[in-house]
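First comes the structure, then the notes that go with it.
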Protein chains: 2
Amino acid sequence: MDGGGEGRVADQKKGKRRITSVDVAREAGLSRATVSFVLNDTPGQSIPEATRQRVLQAAARLGYTPYAPARTLRSGRSDVVLFVLPDWPQGPTMAELVDRAAQVLAGAGLTLVTHVHTGRDDDLARLWTALAPAAVFGMRPFTAGERAGMKRANIAAVLPSPEQSGHDVGSTLWLNGVGRLQAQYLIGKGHTRLAYVLPDDPRLSALGQGRAEGAAQACAEAGLPVPIVATIPLDAAAAAETVAGWRRPPGAVCAYNDEVALALLAGMRKLGTSLPVIGADDIPAARFAVPPLTTVAQDSGELGARIAAALLRALNGEPSQLDVLPDAGIRVVERESA
Amino acid sequence: MDGGGEGRVADQKKGKRRITSVDVAREAGLSRATVSFVLNDTPGQSIPEATRQRVLQAAARLGYTPYAPARTLRSGRSDVVLFVLPDWPQGPTMAELVDRAAQVLAGAGLTLVTHVHTGRDDDLARLWTALAPAAVFGMRPFTAGERAGMKRANIAAVLPSPEQSGHDVGSTLWLNGVGRLQAQYLIGKGHTRLAYVLPDDPRLSALGQGRAEGAAQACAEAGLPVPIVATIPLDAAAAAETVAGWRRPPGAVCAYNDEVALALLAGMRKLGTSLPVIGADDIPAARFAVPPLTTVAQDSGELGARIAAALLRALNGEPSQLDVLPDAGIRVVERESA
DNA sequence: CTGCGTTACTGGCACGTGTTACCCACGGGC
DNA sequence: GCCCGTGGGTAACACGTGCCAGTAACGCAG
C-alpha cells in the first residue's frame, strides 16, 4: 500500500495518524505500561526519577495527548460535566454562575460544558449519548423519561436529585428567595398592598411562580394580604393597560426581573402615574432607567460554586442535597424606583 | 459475593453493569455483528425485515444505548461539536445563534455543546482533550499554540480558519457590518460628524474596534470625516463627562451596543443635552428607554445556521470559508433616539 | 455431481487506554 | 546451596464498538 514507502516517513505523510502512548513508549525505549504509570502518577509503583524524566521528555517531544474516548472507555468514567441550560434569556448572571462552576469543577479535573435545551425532546437523549458525561446538572427537574435515559447511559450524578424535584419547581430549584427579598424590602418601606408582575413568556412561568410565591410568603409572614399577580408581555402599552386596569392599585410592585420592571416603568410613564417598582437581576440597563431601578442582585458566582461542590459530592457517592442553594448571597441594590 | 445470588439477578443488582450490544445480541439470539449492522443501517448488508425487527425490539426491550466513547474510539470520529464562547456578556442574540447552529448540526447527527472561555489558558487544552470534539468553533481566532494543540488532538475542523484569522479580528470575524449600518443610517438622516462610543471592558475591545472601523468605512464612502472615538465605562456620570468634554460635539452618536447607548442617554439626560444615538443588538430594555432607542438588530439565527453549515462543509473536507458571514440579516430598528 | 453467485449471518481484529498479574535480577538471611 | 523480598519493568487483558473477511446454506446452470 501507499507504494511501499517505508516506515516513519510514510506515517508522517499519511492520513493524520494519532500519536499514542505506544509512540511515546517507543521513543523512550520503554514499555507502554511504564509510560502509563508515569503519566498518571499511578500510586504503588516505584519508578526512578531518571526513567520518569525519560518518559516525560519523550511525551513532550512528540506532543503526546491522551485520547479521551479510549481513556473513558477503559476507566469507565468521563471527565465531562454537562450543564443543561433552559432557553430562556440568559443574562450575565447565568454566565457568572456557569463560569464559577466551571472553575470549581476544573479544580477536580473535570471539564464543564453547557448546552441550551430548546425543548425539542430528542436532543437531550442525544446529548448524553454523545457526551457520556460523568454528571449532569439542569436548571429544571428532569422528567422520569429523561432520568431513565440518563440511568441507561450510566450517568453517575444528576442534579437536581429526584427527592428535590418532588417539591415545587420554583421554590426548591431556583431562588424563591428573590421574590421574598423583593417583598420584604417593599414591606420595610411601609407598603402593605403589593403586586407581583410576571412576564408572559411561557418558558419563564415556572420560575415566575416561584418568585411570586416567595413574595407571598413574605407577605404572609408580615401579616399582609397576598400580592396581586399580573402577567404582561414585554411591551410598554400592555404594561400601561395592566396598571390602569387595577381598580384598587397596590402600593408598590415587584417585577419578575428588570426587563419586566422597565416595561412597567415605561407603561406608567405613559400613563403619568408612578408606583414604586423593584426588579431583579440588576442588569446593566437597570441603572440607566428613568428613574434608576431598585433591584435585587444575587451572587450567582457563589451559587455556581455551590452547585459544582454538590455535584462533586454526588460523584463521590455521597448523595448530597444542593444545600441552602436558594439563599446564596442575594441582596437589594437600592436606587430610586423604590 | 452479594450472598451468592446466581447469574442474571446478581448482574442486575451489582454495580451498574452497562447494557452493551452483546446483551442485545444474546437477547435477539444473533451475533453482535448483525446487531451492529441493523442498528447502524450499515450499507451493503442484506438483512431480512424479520431479523431487523428482532434486533430492534431486543434493543428497545433492554433499553440499549450505544456507548459514545467506544464508538468514537473505534470509528475515529466524534459526534460532538464545540463552540467556544468568549466571556463577554452574552445577550439573547448569542443564544439564538447557538440554538440555530445546534439545530443545523443536529440535522447532520452532530451534537453541539458550548463552553465559555474565561481566559485561563490551560482550560482550553483540557477542553478538547476531554471532549475530543469533531470540530471547534470560536468567536475569536485561535492562537498558534491553541491550533497546535487541536491538531495534536486530531480535531478536523476549526473555524475561523487560519487564512481568515490573518485579517483583522473585528473585521473578518464579527460584524463590522453593524458599525457600518449604524453610520449609514445616521448619515442618511443628514448627520455629517459622527462619534463612535465604545465600552471600556477590555474583553470587548476587539469587537468594538471592528464596529468602529465599519462606521469609519461608511463615513469614508460618503466622503465624511472619520468618527470621533471615545471609550466609556458603563456609568451615567462618566458618559456625561465624555459628552461634555467634546469641544466640538458630533451631530450624532453610534454606540457599541445598547447598553452603551443607554449609558449615553442617561449621561445626556443628566447634562440636559440631547444628541441622536443609535445602539446595537436590540436588547429588550432598548424599547423602554427614554427616548426609546433606535438600534441595529441582526438575525443571529441565520448567522448561526451559516456557521454550522460552514463547519459541516469543513468536516467533509471541503476547506470552506465562512462565506459572507458579516452580512447576515442586519437591519435598523427605528425608534425615537435617532 | 461440480461450479458459482447470492443471501444471511458470524468470527475476530482494531481502536488507545488503565491496570493486574507476572517476570527477572539482585541482595541478603538461613 | 535455597528461599524470600524488593525495586524496576513488561506482557497481556478488558473496556464496547465498527466493520472486514469469511462461511454455511441455498438455488440454479452446466
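Chain identifiers are assigned alphabetically (A, B, ...) following the order of the sequence lines, protein sequences preceding nucleic acid strands; residue numbering begins at 1 within each chain. Please read all numbers here as calculations on a predicted model, not as lab measurements.
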Out of [options], whichever nucleotide has its closest atom nearest the side chain of [X]:
X: Leu73(A); options: dG9(D), dT10(C), dG16(D); answer: dG16(D)
X: Thr42(B); options: dA8(C), dC9(C), dC19(D); answer: dC19(D)
X: Phe37(B); options: dT10(C), dG16(C), dT10(D); answer: dT10(C)
X: Ala70(B); options: dT10(C), dG16(D), dA11(D); answer: dG16(D)
X: Arg54(B); options: dT17(C), dC9(C), dG9(D); answer: dC9(C)
X: Pro66(B); options: dG12(C), dT17(D), dT10(D); answer: dT17(D)
X: Arg32(B); options: dG12(C), dG16(D), dG9(D); answer: dG12(C)
X: Ser21(A); options: dT17(D), dA11(D), dT17(C); answer: dT17(C)
X: Arg74(A); options: dT10(D), dG16(C), dC19(D); answer: dG16(C)
X: Thr51(B); options: dT10(D), dG16(C), dC9(C); answer: dC9(C)

Taking only the side-chain nitrogens and oxygens of [X], find out if one of them lies under 4.0 Å from OP1 or OP2 of [N].
X: Ser46(B); N: dA8(C); value: yes
X: Ser36(B); N: dG18(D); value: yes
X: Thr34(B); N: dT10(C); value: yes
X: Arg18(A); N: dC15(C); value: no
X: Tyr67(B); N: dG18(D); value: no

Using heavy atoms to find the nearest nucleotide of DNA chain C for Ser31(B) and Arg71(A) separately, return the residue whose nucleotide is more 5′. Ser31(B)
Integer-rounded Å distance: [N] [atom2] and [X] [atom1]:
X: Asp79(B); N: dT17(D); atom1: CG; atom2: P; result: 14 Å
X: Arg77(A); N: dT17(C); atom1: CZ; atom2: C1'; result: 14 Å
X: Leu62(A); N: dG16(C); atom1: CG; atom2: C1'; result: 15 Å
X: Ile19(B); N: dT17(D); atom1: CD1; atom2: C1'; result: 16 Å
X: Gln45(B); N: dG22(D); atom1: CD; atom2: P; result: 15 Å
X: Leu30(A); N: dT10(D); atom1: CG; atom2: C1'; result: 10 Å
X: Arg52(B); N: dA8(C); atom1: CZ; atom2: P; result: 12 Å
X: Asn154(A); N: dT17(D); atom1: CG; atom2: P; result: 11 Å

How would you label the contact of Ile47(A) with the nucleic acid (heavy atoms, under 4.0 Å): base, sugar-phosphate, or nothing? nothing
Under 4.0 Å between any heavy atoms, over every strand shown, what does Pro48(B) touch: base, sugar-phosphate, or nothing? Just pick one. sugar-phosphate
Chi angles and distances behind the side-chain contact (heavy atoms from CB on, under 4.5 Å) call for Leu311(A), Val81(A): CA-CA 9 Å; Leu311(A) 278 174; Val81(A) 173; 3.9 Å; yes
Pair Val104(A), Leu312(A) - check side-chain contact (heavy atoms from CB on, under 4.5 Å), show working. CA-CA 9 Å; Val104(A) 171; Leu312(A) 288 178; 4.2 Å; yes
Arg26(B): which of Asp23(B), Leu30(B), Val24(B) passes side-chain contact (heavy atoms from CB on, under 4.5 Å): Asp23(B)
Above 12 or not: heavy atoms from other molecules or residues under 6.0 Å from CZ of Arg61(A)? yes
Cation-pi check for Tyr64(B) against Arg152(A): NZ or CZ below 6.0 Å from the six-membered ring centre and within 45 degrees of the axis, yes or no? no
State the CG-CG distance between Leu315(B) and Leu105(B), to the nearest 0.5 angstrom. 8.5 Å
